[in-house]
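Below is one structure, written out as structure tokens; comments come after it.
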Amino acid sequence: MSSKSDLRKTFDVVSYYNEVLKENTDVSAPVAAVSSLVELVKQQRATTMLELMKIVPEACAQLKCASHNSISLSAGCDVFLKQMARLSQGQSAEECSRSLIEAGTEFVQGAGKCRDRVAEFGSSFVRDDHTILVHSYSRVIMGLLRRAVKQNKRFRVYVTESRPDQSGLEAAKELQALGVPCEVVLDAAVGYIMEKVDLVLAGAEGVVENGGLINKIGTYQLAIVAKAAKKPFYALAESFKFVRLYPLSQYDLPTHRADLLAFKDSGPTNDWAARLVATNPMLDYTPPEFITLLFTDLGVMTPSGVSDELIKFYLD
């Protein structure tokens, strides 16, 4: 007879998570994490609440350890764990599992609506003849711009190339397909073109307790230039990306490593780019004082409003 631990091993939550992201590139990390945890609960065979309360946090820890970017993923795991803590009170393991599956499935199915609401609130800030600067590729920003196009607004967009993965090129292709005048600019050129810009849009891997932003590397310097040029800097994020972190500097991020920025030019020339990527950060932290407003599915808010929403969710 198989032990309970053997049964748990039959489901690989990390592989399932990676498969979800691979099959649907439109799914964000928090949603994929919740989807994976829902499947875990379906597969597990816990007979007591104590065992269930052990299985799910262990799976969350596995997901976080296996991800190169645990911040966005952690947001989804934290939402699921909070929901489990609520549902575990006064229920059996079987009842709690059913409730978790139902709540998690509802969350996954409703994630797209959250993105639509962000676009609804933010699109009113895009007006005819605006020139917009966008950093990297963001699903939620693309949703906002698609909505603005459907509203027959005429605007043009600058997109940062967004090294090292050049994800800005993907955003430019989508915008060109929509018929939006678009131009890709070097990351180092944002100061040069900022005077032509009416507003700046940035997505988020996570929004921390003080309303600061964790996002693709280069966001911080973009926000600094925008503030110096007196241009509004708007951040877009679904509320499930609000995370209980309070970084005081770039080096307080969970993704920080001591060897970052330690690149040394040695070895074959053709290895230069690969080694540069491996020793540079992928994310940075933008303090709240550089953010004009946040567009979320809960509405348009100032950065200070994030802590209030986190308190409502986690202390309820």
Side-chain angles (χ1 to χ4, degrees), residues 1-88 91-115 137-140 165 167 170 203-206 214 216 237-245 254-255 282-283 313:
M1 181 180 292
S2 298
S3 66
K4 291 185 177 65
S5 60
D6 290 334
L7 287 168
R8 287 201 297 269
K9 290 178 182 177
T10 61
F11 179 72
D12 187 340
V13 69
V14 174
S15 295
Y16 189 90
Y17 169 81
N18 290 330
E19 195 63 28
V20 170
L21 292 176
K22 182 179 178 181
E23 290 181 355
N24 190 347
T25 56
D26 200 43
V27 172
S28 61
V31 177
V34 172
S35 181
S36 303
L37 293 171
V38 167
E39 188 62 26
L40 169 78
V41 175
K42 290 179 181 178
Q43 299 283 346
Q44 57 80 34
R45 299 292 184 271
T47 56
T48 66
M49 278 304 304
L50 184 62
E51 188 176 11
L52 182 63
M53 296 290 281
K54 181 180 180 183
I55 292 172
V56 177
E58 283 180 353
C60 289
Q62 290 174 19
L63 285 170
K64 292 176 184 179
C65 289
S67 174
H68 71 282
N69 171 21
S70 63
I71 293 172
S72 187
L73 182 151
S74 294
C77 289
D78 290 347
V79 167
F80 195 84
L81 289 173
K82 178 58 180 177
Q83 195 67 264
M84 185 174 70
R86 287 173 176 159
L87 296 172
S88 64
Q91 293 200 77
S92 66
E94 185 178 352
E95 291 170 335
C96 185
S97 294
R98 283 200 301 266
S99 299
L100 267 176
I101 292 168
E102 182 179 343
T105 302
E106 184 179 346
F107 172 87
V108 172
Q109 293 175 345
K113 294 180 181 178
C114 290
R115 196 177 297 166
Y137 180 89
S138 165
R139 299 178 187 90
V140 69
D165 61 3
S167 54
E170 182 180 355
E205 293 294 329
I214 297 175
K216 178 75 179 290
E238 303 94 323
S239 59
F240 54 73
K241 289 185 178 179
F242 292 2
V243 293
R244 291 180 295 173
L245 291 173
T255 53
M282 295 299 294
L283 303 173
F313 182 77

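Below, all heavy atoms of this structure are taken into account, side chains as well, without hydrogens, waters or symmetry copies.
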Please evaluate residues Val41 and Phe80 with respect to the criterion side-chain contact (heavy atoms from CB on, under 4.5 Å), reporting the C-alpha separation (whole Å), side-chain torsions for both, the decisive distance (0.1 Å), and the verdict. CA-CA 11 Å; Val41 175; Phe80 195 84; 3.9 Å; yes
Exercise: identify the closest heavy-atom pair between Ala93 and Met49: CA-SD, 3.6 Å
Hey, could you give me the SG/CG distance between Cys77 and Leu37, rounded to the nearest 0.5 Å? 5.0 Å
Heavy atoms of Lys216 and Ser167 approach each other most closely as NZ-OG, 3.3 Å
What pairs with Glu19 under side chain to side chain contact (heavy atoms under 4.5 Å, CB included), at least two apart in sequence or on another chain? Lys22, Glu23
For Phe107 and Pro30, the nearest pair of non-hydrogen atoms, with its separation, is CE2-O, 4.3 Å
Listed by chain and number, what are the side chain to side chain donor-acceptor pair (under 3.5 Å) partners of Ser15, not counting sequence neighbours? Asp12
For the atom pair CE (Met282) and CD1 (Ile71), what is the distance rounded to the nearest 0.5 Å? 12.0 Å
Any side-chain hydrogen bond (donor to acceptor under 3.5 Å, both in side chains) involving residues 27-41? Give me the pairs, sequence neighbours left out, ordered by first then second residue. Glu39-Gln43
Any ring-ring contact (aromatic ring centres under 6.0 Å, His included) pairs touching residues 47-66, not counting sequence neighbours? none
Which residues share a side chain to side chain donor-acceptor pair (under 3.5 Å) with Arg98, sequence neighbours left out: Glu94
Answer whether the closest heavy-atom distance between the side chains of Ile55 and Phe11 falls below 4.5 Å. no
Can you name the side chain to side chain contact (heavy atoms under 4.5 Å, CB included) partners of Ala111, sequence neighbours left out? Val31, Phe240
Tell me the salt bridge (Lys or Arg N to Asp or Glu O under 4.0 Å) pairs involving residues 25-37, sequence neighbours left out? Asp26-Arg115
Out of curiosity, Arg45 CZ to Glu51 CD, how far, rounded to the nearest 0.5 Å? 11.5 Å
Quick one: does any side-chain atom of Arg139 pair with a main-chain N or O of Thr25 as donor and acceptor, under 3.5 Å? yes
Is there a side-chain contact between Leu52 and Ser97, using heavy atoms and a 4.5 Å cut-off? yes
Who passes side chain to side chain contact (heavy atoms under 4.5 Å, CB included) against Gln62, sequence neighbours left out? Val13, Val14
Non-neighbouring partners of Ala204 that pass side chain to side chain contact (heavy atoms under 4.5 Å, CB included), sequence neighbours left out: Val207, Leu213, Ala237
Who pairs with Glu106 by side chain to side chain donor-acceptor pair (under 3.5 Å), at least two apart in sequence or on another chain? none
Output the distance between atom NZ (Lys42) and atom CG (Leu100), rounded to the nearest 0.5 Å. 12.0 Å
Has the side chain of Ser88 got a donor or acceptor atom that lies under 3.5 Å from a matching backbone atom of Ala85? yes
Are Met84 and Pro57 packed together at the side-chain level, in the sense that at least one heavy-atom pair is separated by less than 4.5 angstrom? yes
Restricting to non-hydrogen atoms, name the atom on Leu81 and the atom on Val56 that form the minimum distance, rounded to 0.1 Å. CD2-CG1, 3.8 Å
As an exercise, state the distance from SG of Cys60 to CG of Asp78, rounded to the nearest 0.5 Å. 7.5 Å
Val79 vs Phe313, side-chain contact (heavy atoms from CB on, under 4.5 Å): CA-CA, chis, key distance, verdict: CA-CA 9 Å; Val79 167; Phe313 182 77; 4.1 Å; yes
Any chance you could measure Glu58, atom CD, to Leu63, atom CG, to the nearest 0.5 Å? 12.0 Å
Can you list the residues that meet the side chain to side chain donor-acceptor pair (under 3.5 Å) rule with Ser92, with sequence neighbours excluded? Glu95
